[in-house]
Amino acid sequence: QERLVESGGGLVQAGGSLRLSCAASGRTFSTYTMAWFRRSPGKEREFVAAVSQNGGRTGYGDSVKGRFTISRENAKNTVYLQMNSLKPEDTAVYYCAATGPYFYSESAQSYRYWGQGTQVTVSS
């Protein structure tokens, strides 16, 4: 069982940066693929980024490629999302999710564990 807690959201101006963190409480964090998804009002949940259990594979949604970077520190049971060059359309609730073990996916339906989400608001 993984409990996921996001932090780092907030209000930022367009062009600015934020770093989200997701801390996991389980003992098997290092075996799970971790991902970030987001949901904006009136829109469907969107894949943002994923990282494999050892960090060797990453994937990004088209709307964030080149601006966002996902990383993880297995020793700290934590995954990060560095968000640069933020745009107003990045405004959303960002969710951390875990799937596995040893299974990589960019589909929300594959993810077993979810955090409560953290709000990111980008002003123009």
Side-chain angles (χ1 to χ4, degrees):
Q1 183 86 15
E2 291 288 342
R3 180 172 178 264
L4 306 176
V5 179
E6 303 96 335
S7 62
L11 174 65
V12 64
Q13 289 189 331
S17 299
L18 280 176
R19 188 175 84 154
L20 305 183
S21 299
C22 172
S25 61
R27 295 184 177 183
T28 56
F29 175 81
S30 63
T31 69
Y32 284 97
T33 290
M34 301 298 297
W36 291 93
F37 293 83
R38 68 186 183 186
R39 177 171 279 165
S40 304
K43 295 185 178 180
E44 293 186 356
R45 183 170 47 192
E46 178 185 9
F47 168 73
V48 176
V51 58
S52 61
Q53 66 274 7
N54 62 1
R57 179 178 180 180
T58 58
Y60 296 92
D62 288 342
S63 61
V64 306
K65 282 180 181 176
R67 300 188 297 123
F68 291 11
T69 302
I70 190 170
S71 61
R72 66 189 296 161
E73 285 190 76
N74 286 347
K76 295 184 177 181
N77 275 19
T78 302
V79 63
Y80 305 99
L81 184 69
Q82 178 66 43
M83 305 186 295
N84 298 329
S85 302
L86 283 161
K87 305 175 181 180
E89 51 263 44
D90 294 318
T91 295
V93 177
Y94 284 71
Y95 298 91
C96 175
T99 190
Y102 304 112
F103 172 72
Y104 181 86
S105 174
E106 297 179 1
S107 171
Q109 287 74 16
S110 299
Y111 282 78
R112 298 172 60 187
Y113 305 112
W114 292 83
Q116 293 299 307
T118 185
Q119 176 72 46
V120 171
T121 303
V122 184
S123 63
S124 57

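Numbers here are sequence positions counted from 1.
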Checklist entry - Counting N and O atoms only, with roles assigned by atom type, does the side chain of T99 sit under 3.5 Å from a partner on the main chain of S110, one being a donor and the other an acceptor? => result yes
Checklist entry - With a 4.5 Å heavy-atom cut-off, do S63 and R38 have their side chains touching? => result yes
Checklist outcome for this item: On a heavy-atom basis, the closest approach of A49 and L81 is CB-CD1, 4.1 Å
Item to check | Which atom of R72 lies closest to which atom of G55, heavy atoms considered | outcome: CD-N, 4.1 Å
Checklist entry - Donor-acceptor pair, N74 side chain versus N54 backbone, under 3.5 Å? => result no
Checklist entry - Below 4.5 Å, heavy atoms only, C-beta onward: do L4 and Y95 meet side chain to side chain? => result no
Checklist outcome for this item: Smallest heavy-atom separation, V48 atom then V64 atom, equals O-CG2, 3.4 Å
Checklist entry - Hey, is the main chain of Q53 close enough, under 3.5 Å, to the side chain of Y102 for a donor-acceptor pair? => result no
Checklist entry - W114, M34: one ILVMFWY side-chain cluster at the under-4.5 Å cut-off? => result no
Next on the checklist: For D62 and K65: C-alpha separation, side-chain torsions, deciding distance, then whether salt bridge (Lys or Arg N to Asp or Glu O under 4.0 Å) applies.
Outcome noted: CA-CA 5 Å; D62 288 342; K65 282 180 181 176; 3.2 Å; yes
Next on the checklist: Give me the atom names and distance for the closest heavy-atom approach of Q119 to A92.
Outcome noted: NE2-O, 3.4 Å
Item to check | Heavy-atom neighbours of Q116 CD exceed 12 at 6.0 Å | outcome: no
Next on the checklist: Any side-chain to backbone donor/acceptor pair from T118 onto Y94? Under 3.5 Å, distance only.
Outcome noted: no
Next on the checklist: Let me confirm one number: the OG1-CG distance from T78 to L20, rounded to the nearest 0.5 Å.
Outcome noted: 12.5 Å
Item to check | Separation between CG of N77 and OG of S30, rounded to the nearest 0.5 Å | outcome: 7.5 Å
Item to check | Distance-minimising heavy-atom pair for T33 and Y104 | outcome: OG1-CA, 3.5 Å
Checklist entry - In Å, rounded to the nearest 0.5 Å, how long is the span from CZ of R39 to CD of E46? => result 11.0 Å
Next on the checklist: Counting C-beta onward and ignoring hydrogens, is there a side-chain heavy-atom pair between V79 and C96 closer than 4.5 Å?
Outcome noted: yes
Checklist entry - Nearest 0.5 Å, what's the CE-CH2 distance between M83 and W36? => result 8.0 Å
Next on the checklist: When you compare the side chain of T69 with that of Y80, does any pair of heavy atoms fall below 4.5 Å?
Outcome noted: no
Checklist entry - If you count the non-hydrogen atoms of other residues, nucleotides and ligands that lie under 6.0 Å from CZ in R45, is the total more than 12? => result yes
Item to check | Plane angle bin for F47 and F37 - parallel if under 30°, tilted between 30 and 60°, otherwise perpendicular | outcome: perpendicular
Checklist entry - Between the main-chain N or O of C22 and the side-chain N or O of E6, is there a donor-acceptor pair closer than 3.5 Å? => result no
Checklist entry - Are I70 and Y113 linked, directly or through other ILVMFWY residues, by side chains that come within less than 4.5 angstrom of each other? => result yes
Item to check | Shortest non-hydrogen contact between E2 and Y32, atoms and distance | outcome: OE2-CE1, 3.6 Å
Checklist entry - Would you say the side-chain atoms of S85 pair up with the backbone N or O of R67, donor to acceptor, closer than 3.5 Å? => result no
Item to check | Interatomic distance, F68 atom CZ to T58 atom OG1 [nearest 0.5 angstrom] | outcome: 14.5 Å
Checklist entry - Between S40 and T91, is there a donor-acceptor pair closer than 3.5 Å when you use the side chain of the first and the backbone of the second? => result yes
